[in-house]
S.K.: 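One structure, pasted below without further comment.
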2 protein chains.
Amino acid sequence: MKTRITLKKIATEFGVSISTVSKALKGSHEIGEELRGKIQAFANFYNYKPNNLALQLRNQKTSVIGVVIPEIVHHFFSTVIDGIEHYANKKGYNVMVCVSNESYEKEVLNFNVLTNGSVDGLIVSVARGTQESKNYKHLEALVKDEFPLVMFDRIINEIECDKVLIDDIGGACKATEHLIEIGKKRIALLSTEDFVSVGLLRKEGYIKALYHAGYKVEDDLIYKLDDSKDLKEQIKKLFEDPNMPDAILAVNEVYAANALVIAQEKGLSIPKDIAIMGFTSGLISEFTSPPLSCVEQHGYLMGEQAAELLIDRIEHKENKEYKREVISTNLKIRKSTKC
Amino acid sequence: MKTRITLKKIATEFGVSISTVSKALKGSHEIGEELRGKIQAFANFYNYKPNNLALQLRNQKTSVIGVVIPEIVHHFFSTVIDGIEHYANKKGYNVMVCVSNESYEKEVLNFNVLTNGSVDGLIVSVARGTQESKNYKHLEALVKDEFPLVMFDRIINEIECDKVLIDDIGGACKATEHLIEIGKKRIALLSTEDFVSVGLLRKEGYIKALYHAGYKVEDDLIYKLDDSKDLKEQIKKLFEDPNMPDAILAVNEVYAANALVIAQEKGLSIPKDIAIMGFTSGLISEFTSPPLSCVEQHGYLMGEQAAELLIDRIEHKENKEYKREVISTNLKIRKSTKC
DNA sequence: TTTGGTTACGCAAACGTTTTCGTGTTAGTA
DNA sequence: TACTAACACGAAAACGTTTGCGTAACCAAA
């Protein structure tokens, strides 16, 4: 790569000092009109652009936001990034994305790299490994240093920082109510293991709705799936129950879609024999047959909110109180629950 | 945010010079054992980490890779990013992602920001707007300065740089041959407008296969869809043809899934009445009913390859010849074409 | 006593900017 | 003629590192 042109090179070219060049390029009236014009023309010709690193070092500001997420090949997370990117760009920030791959170790590594001065703040959705290990030292360290930090979706209550979350309880509750409304009696929940905060909250909403409707909560209607094993095998068990449920609420789109495919293989009629709905309106839900009802999550909005909170925190250093924004959900009713 | 601890602060704390601290922290034997130990303990206690910006400026190296893509909420592109991220991390690089949103102007903006010294190299898949406008100045400028640049998927032939591409012609050809093999006679192509390089290449493969099989190419079997308008409306026309095709090859997953849904609404049997297949094995294809056959694209591998080419170019500055890696595709046959 | 070699540290340049505070020259005014 | 102001530019510090070189102080050998 050819070395880029710098102030120094322009300065020696004209036999003037670096500061003169700097001022000339900024159109300062301190510099004579003629020289100023010549320098500007020269710099323009050689496509001079100030070196960002130098500026960042001088201004003690990178205008970069770091984002650490568990996965990137994931409709919800990529939607959130999209929202972050959009808002950040509007405010003159760039985005650096790191993937933790659900691993605690990788997450800590990402934190170390990003907080070495490369970014002005961090937006994080914690890895499953972190939730499992309950080791939050890397997060606590940031909070202690008052490093701008926003958590979203997979948050940790013990850590005090700005947070953006989905109304998981409300969403699951509304969804369950919907299933009750269409006359379903035995509603199963396809959830994650309990240490995943989001799964736990959605279970809470599910239970709340059952309770309000006077249904009793049956533990064997709650299936906790392990993502590291074969999903279909685990879901199939639900259908083998002699007293099979007549509705399924899944905590994400993939669980729901898998359940739907299995139901069809078994020759069941959806939603008559069994109604199914999921969380997140990704692309899958639209194209299954019948299309899946779901709880829409508004990831883009969530990303925008997270970026807004972070940039606010970065720019107004006054230690305002930590905010906790809840993004409400809404039901997208499609044919999989439309009787 | 509390200001981070620096060499200077440690130096004044111990009443020694900055260089002494620097050497002590690096374990240099130039520094006496006792002082060295004390300084290390102190730095460790205050969690000293060298400021990355300063290092980057000094070493004239950021160890960051910039990625500019048209969309991020897109299975293929997010898979590529995943591959890039993985390889880059392995080699000690970080990734900065910018989205052009298919807009030429946004792409140029992204280029300007990233090439100001913030990244060591760029991986790009050009926006539709850029392909349409045929304005490649921003790319040419980089090539002229020998700035490390890799293009993938949506490439531009006129620009000389490292490239990674899908074997679009071969993939489309294999897919078409498959449709011919299962006895289909009138194979339609659901493609993009011609200025999208990828669409054009896939059309080429489609035509090649027809030609080899002795089929004649009928222009009215080739549908060019406009992404900015309602897709379903455009695809429906295909089914209204009195001499309706008996197979569809779509250049991406969404086109294929939409076609499938419409076919079902029309009460057609798939694949008997009409076989359908797409490109990219995203999540949709698995969950449609019947599941969609498709040409698998191996985006992750593509990302890894792109990152490898870029890092090679960054680290071995010798101007090797530009490489052009082709990632081969394979057919994933599912029920939508299995008679 | 001179020479030579350690040991243990400091100086200063370099990376590329911006910006404050000089300072020399010229022109204008009393 | 002398003083002042405007003009046009330079020096240097600052951001935080790393590193080659210089140099005191000390000790040992000649």
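Computed from a predicted structure; not experimentally measured. Convention: sequence-line order gives letters A, B, ...; per-chain numbering from 1.
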S.K.: Grab the NZ-P distance between A:K9 and C:dT17 for me, whole Å please.
M.R.: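 Value for this atom pair: 9 Å.
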S.K.: Residues from residues 15-24 of chain A sitting under 4.0 Å of DNA chain C, heavy atoms only?
M.R.: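 Going residue by residue through residues 15-24 of chain A, the ones with a heavy atom under 4.0 Å of DNA chain C turn out to be A:I18, A:S19, A:S22, A:K23.
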S.K.: Test A:L149 against every option in A:L122, A:T115, A:L309, A:L310 by the side-chain contact (heavy atoms from CB on, under 4.5 Å) rule and name the one that passes.
M.R.: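 Going through the options one by one, the only one that passes is A:L122.
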S.K.: Report all side-chain donor-acceptor pairs from residues 21-31 of chain B shorter than 3.5 Å, counting only partners two or more places apart or in another chain.
M.R.:
from: B:K23; atom 1: NZ; to: B:E30; atom 2: OE1; distance (Å): 3.4
from: B:S28; atom 1: OG; to: B:E30; atom 2: N; distance (Å): 3.0

S.K.: Taking only residues two or more places apart in sequence or in another chain, which ones pass salt bridge (charged side-chain N to carboxylate O under 4.0 Å, His left out) with A:K61?
M.R.: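 Expected list: A:D120.
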S.K.: Measure the distance from CD on A:Q60 to C1' on C:dT17 and round it to the nearest whole Å.
M.R.: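 These atoms are roughly 13 Å apart.
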S.K.: Whole Å only: how far is the CG atom of A:L7 from the P atom of C:dA14?
M.R.: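 Going from CG in A:L7 over to P in C:dA14 covers 16 Å.
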S.K.: Holding to side-chain contact (heavy atoms from CB on, under 4.5 Å), I want the full list of residues that pass it with B:V64, two or more places apart in sequence or in another chain.
M.R.: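 Counting only residues at least two positions away or on another chain, B:V64 forms a side-chain contact (heavy atoms from CB on, under 4.5 Å) with A:M96, B:T62, B:N94, B:M96, B:V119.
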S.K.: Using a strict heavy-atom distance below 4.0 Å, which residues from residues 37-58 of chain A are in contact with DNA chain D?
M.R.: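 Contacts with DNA chain D under 4.0 Å: A:L57, A:R58.
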S.K.: Give one of base, sugar-phosphate or nothing for B:E30, where a contact means two heavy atoms less than 4.0 Å apart.
M.R.: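 Base, at least one base heavy atom under 4.0 Å.
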S.K.: Name each donor-acceptor pair under 3.5 Å that joins a side chain in residues 75-82 of chain B to protein atoms two or more places apart or in another chain, with its distance.
M.R.:
from: B:S78; atom 1: OG; to: B:H74; atom 2: O; distance (Å): 3.2
from: B:S78; atom 1: OG; to: B:H75; atom 2: O; distance (Å): 3.1
from: B:T79; atom 1: OG1; to: B:H75; atom 2: O; distance (Å): 2.5

S.K.: With nearest nucleotides of DNA chain C determined for A:N59 and A:K8 from heavy-atom distances, which residue corresponds to the more 5′ nucleotide?
M.R.: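 Here A:K8 is the residue nearer the 5' end.
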S.K.: From the 5' end of DNA chain D to its 3' end, which nucleotides mark the outer limits of contact with chain B, defined by a 4.0 Å heavy-atom distance cut-off (strictly under)?
M.R.: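 Contacts span D:dC15 to D:dC21, reading 5' to 3'.
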S.K.: Checking B:Y300 now: which residues fulfil ring-ring contact (aromatic ring centres under 6.0 Å, His included) with it, not counting sequence neighbours?
M.R.: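 So B:Y300 forms a ring-ring contact (aromatic ring centres under 6.0 Å, His included) with B:H86.
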S.K.: A:F14: which residues meet the ring-ring contact (aromatic ring centres under 6.0 Å, His included) condition with it, sequence neighbours left out?
M.R.: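 A:F42.
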S.K.: Any sub-3.5 Å donor-acceptor pair from A:N101's side-chain atoms to A:E71's backbone N or O?
M.R.: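 No.
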S.K.: Report the residues that fulfil side-chain contact (heavy atoms from CB on, under 4.5 Å) with B:N135, sequence neighbours left out, ordered by chain and then residue number.
M.R.: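 B:Y104, B:S133, B:K137.
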S.K.: Not counting sequence neighbours, which residues clear side-chain contact (heavy atoms from CB on, under 4.5 Å) with B:Q305? List them please.
M.R.: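 side-chain contact (heavy atoms from CB on, under 4.5 Å) check on B:Q305 returns B:V164, B:E325, B:I327.
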S.K.: Which donor-acceptor pairs under 3.5 Å do the side chains of residues 151-160 of chain B make with protein atoms, sequence neighbours left out?
M.R.:
from: B:R154; atom 1: NH1; to: B:E102; atom 2: OE1; distance (Å): 3.0
from: B:R154; atom 1: NH1; to: B:V126; atom 2: O; distance (Å): 3.0
from: B:R154; atom 1: NH2; to: B:E102; atom 2: OE2; distance (Å): 2.9

